[in-house]
Amino acid sequence: MAENQAKVAMETSAVEKQPETRTETKEAPSMVRTKRIMVAIDENDSSFYALQWAIDHFSNLLLTTEAVQGGTLTLVHVQSPFQFPVGPGFPTAVYASSAMVESVKKAQQEASTALLSRALQICRPQKIRTETLALEGDAKEMISETVDQLNVDLLVVGSRGLGKFKRAFLGSVSDYCAHHAHCPILIVKPPKELTK
């Protein structure tokens, strides 16, 4: 019986020491990984609604205080590469001067900057670390690739509310990302007032 009491006393002291060990591992800041949430921004109000929704619902993961460094909110806008229209009613070979191409690219960059600046204005009142990315290419593919490159924890995209017919022919960025992005994806539907 004395052996059993000694055994229980040893087990109790071992259990009491465990919290001290756990505290030491919690203090190692290099082990803590902050969250990264990426929001895709485009010209549609639905993407800005999705951004505001993400801030309203996930700010506790992103908020930076004196004691805690919050996560990162990445705003990404993908600009389609400039192409001359080709098809019925358009000449098959169009030659543009380099000045014209540069002018179009500059206008596209300014449009991207304006969109991302508008998105940053939404984020400013919060204490959220925000970064912006302006990319060029196919939006669906670039967003999915960037998710992998940045190890994004959550991708947030707005839904434009395309019907089945338009979605079949135009494609849906949110649908593509839902199947190809290697992280959880949140598709935020805007209220009916925005889709009309």
Side-chain angles (χ1 to χ4, degrees), residues 36-55 62 72-126 128-152 154-163 165-183 185-190 193-196:
R36 181 183 294 268
I37 297 175
M38 187 165 91
V39 180
I41 301 294
D42 64 10
E43 300 82 13
N44 295 306
D45 287 337
S46 60
S47 68
F48 290 96
Y49 178 80
L51 171 61
Q52 187 63 57
W53 196 96
I55 290 170
L62 300 169
T72 302
L73 179 64
T74 302
L75 307 173
V76 63
H77 173 68
V78 182
Q79 186 70 46
S80 297
F82 172 68
Q83 296 176 340
F84 282 103
V86 178
F90 295 102
T92 55
V94 177
Y95 299 99
S97 67
S98 61
M100 181 181 185
V101 172
E102 289 301 315
S103 174
V104 170
K105 285 186 176 186
K106 183 178 179 185
Q108 286 181 324
Q109 289 173 345
E110 289 172 358
S112 288
T113 301
L115 284 171
L116 292 171
S117 177
R118 180 179 165 199
L120 280 172
Q121 292 301 320
I122 294 171
C123 299
R124 278 221 170 88
Q126 312 299 324
I128 297 173
R129 185 174 31 177
T130 306
E131 65 182 14
T132 61
L133 291 172
L135 306 172
E136 184 177 12
D138 180 39
K140 300 178 276 202
E141 293 173 2
M142 294 302 294
I143 291 169
S144 294
E145 288 175 17
T146 305
V147 161
D148 290 339
Q149 292 170 355
L150 297 178
N151 295 318
V152 171
L154 176 67
L155 172 62
V156 179
V157 294
S159 173
R160 291 188 292 169
L162 295 177
F165 186 73
K166 283 185 178 179
R167 189 171 43 238
F169 284 100
L170 298 176
S172 167
V173 172
S174 58
D175 185 58
Y176 182 92
C177 290
H179 290 92
H180 294 90
H182 296 114
C183 74
I185 178 170
L186 175 65
I187 301 170
V188 180
K189 286 186 157 189
E193 304 88 56
L194 282 180
T195 58
K196 290 181 180 180

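All residue numbers refer to positions in the sequence shown, counting from 1. Note that these values count all heavy atoms, side chains included, but never hydrogens, waters or copies made by symmetry.
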Asks: Contact between I143 and M38 at the side-chain level, heavy atoms closer than 4.5 Å - yes or no?
Replies: yes
Asks: If only atom types and distance count, is the side chain of T130 paired as donor or acceptor with the main-chain N or O of I128 below 3.5 Å?
Replies: yes
Asks: Between D42 and K140, is there a side-chain N and carboxylate O pair less than 4.0 Å apart?
Replies: no
Asks: Atom CG of L116 and atom CD of E131: how far apart are they, to the nearest 0.5 Å?
Replies: 11.5 Å
Asks: S47 and A40: which non-hydrogen atoms are nearest, and at how many Å?
Replies: CB-O, 3.6 Å
Asks: What residue among L120, I55, T132, V156 forms side chain to side chain contact (heavy atoms under 4.5 Å, CB included) with L73?
Replies: I55
Asks: In the structure I gave you, are the side-chain heavy atoms of R36 and T74 within less than 4.5 Å of one another anywhere?
Replies: yes
Asks: Please round to the nearest 0.5 Å and tell me the distance separating atom CG of L115 and atom CD1 of I41.
Replies: 8.0 Å
Asks: Heavy atoms only: give me the nearest I122-F48 pair and the separation to one decimal.
Replies: CD1-CD2, 3.7 Å
Asks: Any non-hydrogen side-chain atom of M142 less than 4.5 Å from a side-chain atom of Q79?
Replies: no
Asks: With a 4.5 Å heavy-atom cut-off, do C183 and L155 have their side chains touching?
Replies: yes
Asks: Give, for atom CD1 of I185 and atom NE2 of H179, the distance between the pair rounded to the nearest 0.5 Å.
Replies: 10.0 Å
Asks: Within the 4.5 Å heavy-atom criterion, are L51 and C123 side-chain neighbours or not?
Replies: yes
Asks: Taking all non-hydrogen atoms of both residues into account, name the closest pair between P190 and S46 and its distance.
Replies: CG-CB, 3.9 Å
Asks: Quick one: are N44 and Y49 in side-chain contact, heavy atoms under 4.5 Å?
Replies: no
Asks: Check whether any side-chain heavy atom of L150 lies under 4.5 Å from a side-chain heavy atom of L133, and answer yes or no.
Replies: yes
Asks: Roughly how far, to the nearest 0.5 Å, is the CG atom of L186 from the OG atom of S174?
Replies: 11.0 Å
Asks: Check H77 against S112 and note the closest heavy-atom contact, atom names and distance.
Replies: CD2-OG, 2.9 Å
Asks: Can you tell me how far apart OG1 (T113) and CD (E110) are? Round to the nearest 0.5 Å.
Replies: 7.5 Å
Asks: Looking only at heavy atoms, which two atoms of S144 and C177 are closest? And how far apart?
Replies: OG-SG, 3.9 Å
